[in-house]
Chemist: 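Quick one: structure below, then a few questions.
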Amino acid sequence: MDGEPDLWIGGSWRHASDRGTRDIVNPANGSTAAVVDEATPDDARHAVAAARAAFDDGAWRATPVAERATLLNRIADLLQRDKEDLARLETVDTGKTLAESRIDIDDVTSVFRYYSRLIAVQADRVVDVGDPAVISRVVREPIGVCVLIAPWNYPLLQMSWKIAPALAAGCTMVAKPSEVTPLSTIAFARLLEEAFAEASVPAGVVNLVQGSGAALGAALTENPAVDFISFTGGLATGRTIARAAAEHVTKVALELGGKNPHLVFADVRDGDWDTAVDHVLTGVFLHSGQVCSAGTRLIVEEPIADDFVAALAARAAKITMGDGMDPASETGPLVSAQHRAKVESYVQLGIDEGAQLITGGARPDDPALADGYFYLPTIFDRCDRSMRIVAEETFGPILTVERFTDEAEAVALGNDTEYGLAAGVRTSDAARGERVVRALRHGTVWLNDFGYYAAPAEWGGFGKSGNGRELGPTGLAEYQEIKHIWHNTAPTAAGWFKG
Ligand code: NAD
C-alpha cells in the first residue's frame, strides 16, 4: 500500500513483478484511497508454488493441533487490537458505515475463535470392523494447497470464513481478495505475519496476491498444484472457476449470489407490525443492498400489501445516506461507478418491464454526495415472476414487491428462483412459520428475523447459490481429506491363492 510491497509470497513482501499498480477508490467521494501492487499471473503462479512447497515440506501440517488452536486465538486477539484500523480501511474501501465495519471485524474475530475451539476437540473416529486384531480409524488430514477468492462486499469477513478453517485444518493457501477492495486483507496479512513470527509458522503457509480475477484466474484455478478452490462471488465467475477446476478434478466450493425472498403474512398485523416493517427494510437496504443474502423480493399477503408497502416506502425515503466515516450516515454508497451503472440499468429495466416505481429510482440530489456512487433506496410494486428484475440479482438497493393470497402460493413464489441462498418468513402463527421454513429451498431461513449468521452454523446455498458450506463443522470439513487407516496388529495369510 502506498509504496510498501503488497504481495506476500513465500514469507516475503514483494511488489508486482512488472511493477504494476492499481488505484483503490473511495466510493464515498471518488478519491484515490490507496495505490496497491497488482499481481501478474507469474506472481500468482509463484504464490501457488510457495504454498505447494510449504505444504509438501510437511512441517506445518504436522503442527500439533493445540499449537494451531493457540495460533488462531492469537490471531483473534490481534484482530481486536487492530479493530479500529481494520474497520476504517474496510469503510474507506467498500463505502459501508464504520459501525458495520466494526461489526464485521468482531465477526471475523469470532470465526477465528470458533475454529480455534473446534479444531481443539475434533476427534478421529474409531471403527469396529469385527476383528479385535484390527485397529481401524477414520482420520482427517488437511486437503493441501487452497486458493481462496473473495468478493468486494464483505472483503475481510468473507476471506476469514476461508482462512480460519484452512489454517485450523493445517492447509497452505493463496488468498486473492477482490481487486476492488484489497486493503483490509493486505493489513490482515501483516497481522498474520506478526502472529506467524511469534509461533514460528513456516514461510509460505499463507500467501497473498491481489489483482484482476480475469487476469489471475487461470494461474490460480487451472493450476495442477492446487488441491481446493474456495470461491465467493457471482454466478458467472463461479461457473468459469468450476469449469477451469474440472481439468485437474480440483475440488471447488462455491458461494454465489442470491435472490432472496422475504415472505410476510397478513397476521403480522396482529403482531409487531413495526418490527416486521423494520426487518424488511433493513434486510434489503443495509449496505445499500450489496449483500448476497439481502431480502430483495418482498412477497406479501394481499390484504396488508398496500399498507405494508406504504410503511416501507415512508421509512426508505428517510434513510440517511452519506460517507461511511460520518456517524450520521445510515448507509453508504455503492462500491463503484461501474456497479452503480449496473444498478441503474436494472431500475430502467424494472420501469420498462412495467413495475410500479414507488420510491427512489434516482441518485440523491444532495450536492454533498455528488462525487460518491450513491443511489436512493428504491421500491418497485406490482412485480411478478416473469420480470428480470424479480429473477436476477441486482446487488443494489432495489426491493421488488409481489403479492400472494395463500400459504401454498407464498411458498411457491419463495422457491421460484434459480438461487437458494437465504429467505425470511414473518408470521405470528408459529405452526405456519415452522411449515413454511421447512418448505423453502434455501440455505438459511430466518423466521421472524432477518440477516443473522453465526460462526458455529453452516452458511451456503441451494440451487445456483453454490455448493459446499462455510462456517460450522462443515466449513472446516471442506478443508480436510478423510482417510481410513486399517491397522492389523496380528496379520495372518489371506489363504485365497493356494499355490
Ligand atoms: P465477482 O464474481 O465479480 O468476483 C469475485 C472474486 O472473483 C473477485 O476476487 C474477482 O477478482 C474474482 N474473479 C473474477 N473473475 C475470475 C476468474 N475468471 N477466475 C478467478 N477469480 C475471478 O463477484 P463480486 O462482484 O466481487 O461480488 C459480488 C457477488 O458475490 C454477488 O453475486 C454476491 O451475491 C456474491 N456473494 C456471495 C456470498 C455468499 O456467501 N454466497 C457472499 C458475498 C458475496
Side-chain angles (χ1 to χ4, degrees), residues 22 27 36 38-39 41 44 48 93-94 96 104 107 111 147-162 174-182 184-185 208-223 226 229-245 247 250 252-260 286-296 334-336 338-340 342-343 346 392-396 417-422 442-444 451 453 457-472 475 478:
R22 175 184 290 265
V36 302
E38 174 91 351
V48 172
D93 213 352
T94 62
K96 67 175 66 179
D104 284 2
D107 287 354
V111 169
V147 161
L148 313 175
I149 301 176
W152 49 256
N153 60 335
Y154 286 85
L156 192 54
L157 183 83
Q158 295 295 338
M159 192 56 97
S160 74
W161 291 11
K162 304 177 191 305
V174 178
K176 195 203 89 60
S178 166
E179 61 271 38
V180 186
T181 55
S184 58
T185 309
L208 170 71
V209 292
Q210 59 270 332
S212 135
L216 302 184
L220 295 172
T221 61
E222 292 174 21
N223 194 323
V226 173
I229 302 164
S230 176
F231 168 76
T232 303
L235 173 57
T237 315
R239 278 198 183 104
T240 305
I241 288 176
R243 279 194 204 104
E247 178 62 22
T250 307
V252 182
L254 302 173
E255 297 288 342
L256 308 178
K259 189 70 188 178
N260 313 291
L286 188 80
H287 194 12
S288 291
Q290 302 166 111
V291 181
C292 53
S293 53
T296 51
L334 297 173
V335 76
S336 65
Q338 187 191 15
H339 186 55
R340 182 171 62 180
K342 178 183 153 187
V343 169
Y346 269 114
E392 296 176 16
E393 185 184 51
T394 57
F395 222 57
T417 168
E418 62 176 342
Y419 292 107
L421 188 60
H442 295 264
T444 297
Y453 55 86
E458 277 76 359
W459 177 266
F462 287 27
K464 291 194 178 65
S465 288
N467 55 50
R469 288 292 181 272
E470 296 197 296
L471 303 181
E478 296 280 9

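One-based numbering, in listed order, for ligands and for the atoms of each. This is a predicted model, so every value here is computed, not measured.
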Chemist: For atom 27 (O) of ligand 1, what's the nearest protein heavy atom and its distance?
Modeler: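 Nearest neighbour among protein heavy atoms for atom 27 (O) of ligand 1, to 0.1 Å: P151 CB, 3.3 Å.
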Chemist: Please report which non-hydrogen protein atom sits nearest to atom 12 (C) of ligand 1, along with the residue it belongs to and the distance in Å to one decimal place.
Modeler: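 It is I149 CG2, 3.7 Å.
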Chemist: Under a 4.0 angstrom heavy-atom cut-off, which atoms of ligand 1 come close to N153?
Modeler: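 Result: 43 (C), 44 (C).
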Chemist: What part of E393 sits under 4.0 Å from ligand 1 if we count only heavy atoms: the side chain, the backbone, both or neither?
Modeler: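 Near ligand 1, E393 shows its side chain, while the N, CA, C and O stay back.
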Chemist: Can you tell which of A214, S178, A150 gets a heavy atom nearest to atom 6 (C) of ligand 1?
Modeler: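 That would be A150.
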Chemist: Check ligand 1 against W152 and write out every atom of the ligand that is under 4.0 Å from a heavy-atom position of the residue.
Modeler: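 This gives 24 (P), 25 (O), 26 (O), 27 (O) as the contact atoms.
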Chemist: Could you tell me, atom by atom, which parts of ligand 1 come under 4.0 Å of a heavy atom of E179?
Modeler: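 Those qualifying, in numeric order: 10 (C), 11 (O).
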Chemist: Just so I know, are the side chains of E255 and W161 near enough to count as touching, which here means a heavy-atom distance under 4.5 Å?
Modeler: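 Of all side-chain heavy-atom pairs linking W161 with E255, none is under 4.5 Å.
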Chemist: Check whether any side-chain heavy atom of Y453 lies under 4.5 Å from a side-chain heavy atom of T444, and answer yes or no.
Modeler: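 No; the side chains remain at least 4.5 Å from each other.
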Chemist: As an exercise, identify every atom of ligand 1 less than 4.0 angstrom from a heavy atom of T232.
Modeler: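 Heavy-atom distances to T232 below 4.0 Å select 5 (C), 36 (N), 37 (C), 38 (C), 39 (C), 42 (C), 43 (C), 44 (C).
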Chemist: Check whether any side-chain heavy atom of S178 lies under 4.5 Å from a side-chain heavy atom of N153, and answer yes or no.
Modeler: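 With C-beta onward as the side chain, the pair stays apart.
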Chemist: At less than 4.0 angstrom from any non-hydrogen atom of G217, what atoms of ligand 1 do you find?
Modeler: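 Here the atoms of ligand 1 in question are 19 (N), 20 (C).
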Chemist: If you define the side chain from C-beta out and look only at heavy atoms, does anything of K96 sit under 4.5 Å from D104?
Modeler: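 Contact flag for K96/D104 side chains = yes.
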Chemist: What residue and atom, counting heavy atoms only, is the protein's closest point to atom 40 (O) of ligand 1, and at what distance?
Modeler: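 I find the closest protein heavy atom is W459 NE1, 2.9 Å.
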Chemist: Check each heavy atom of L421 against ligand 1 and say whether those closer than 4.0 Å belong to the side chain, the backbone, both or neither.
Modeler: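 Under 4.0 Å from ligand 1, L421 contributes side-chain atoms alone.
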Chemist: For atom 41 (N) of ligand 1, what is the nearest protein heavy atom, given as residue, atom name and distance?
Modeler: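 Scanning the protein heavy atoms, the shortest distance from atom 41 (N) of ligand 1 goes to L256 O, 2.7 Å.
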Chemist: Pick whichever of G233, C292, S465 has a heavy atom sitting closest to atom 42 (C) of ligand 1.
Modeler: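 Shortest heavy-atom distance from atom 42 (C) of ligand 1: C292.
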Chemist: Please state which option from P177, G213, A175, G258 has its nearest heavy atom closest to atom 22 (C) of ligand 1.
Modeler: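 The nearest heavy atom belongs to G213.
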Chemist: If the cut-off is 4.0 Å to any non-hydrogen atom of G234, which atoms of ligand 1 fall inside it?
Modeler: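 That gives atoms 1 (P), 2 (O), 23 (O), 29 (C), 30 (O), 32 (O) of ligand 1.
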Chemist: Taking 4.0 angstrom as the limit and counting only heavy atoms of Q158, give me the atoms of ligand 1 inside it, by number and element.
Modeler: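 The list of qualifying atoms is 42 (C), 43 (C).
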Chemist: Got the closest protein heavy atom to atom 28 (C) of ligand 1, with its distance?
Modeler: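 Checking every protein heavy atom, the shortest distance to atom 28 (C) of ligand 1 gives F395 CE2, 3.7 Å.
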Chemist: Run the numbers on K162 and E470 for salt bridge (Lys or Arg N to Asp or Glu O under 4.0 Å), then give the verdict.
Modeler: CA-CA 8 Å; K162 304 177 191 305; E470 296 197 296; 3.0 Å; yes
Chemist: Give the contacting part of S293 toward ligand 1: side chain, backbone, both or neither, where contact means a heavy-atom distance below 4.0 Å.
Modeler: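 Near ligand 1, S293 shows nothing, with every heavy atom at 4.0 Å or more.
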Chemist: For a 4.5 angstrom cut-off between non-hydrogen side-chain atoms, does E418 reach K464?
Modeler: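 In short, these two side chains touch, coming nearer than 4.5 Å.
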Chemist: Please lay out, stage by stage, how L256 and R239 fare under the test side-chain contact (heavy atoms from CB on, under 4.5 Å).
Modeler: CA-CA 10 Å; L256 308 178; R239 278 198 183 104; over 6 Å; no
Chemist: What protein heavy atom sits nearest atom 7 (O) of ligand 1, and how far off is it?
Modeler: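 Ranked first by proximity to atom 7 (O) of ligand 1 is F231 CE1, 3.1 Å.
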Chemist: So between I241, T237, L148, whose heavy atom ends up nearest atom 3 (O) of ligand 1?
Modeler: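 Closest candidate by heavy-atom distance is T237.
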Chemist: How does V291 reach ligand 1, by side chain, by backbone, by both or by neither, if only non-hydrogen atoms under 4.0 Å count?
Modeler: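 No part of V291 comes within reach of ligand 1.
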Chemist: Using a 4.0 Å cutoff against the non-hydrogen atoms of E255, which atoms of ligand 1 qualify?
Modeler: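 Here the atoms of ligand 1 in question are 37 (C), 39 (C), 40 (O), 41 (N).
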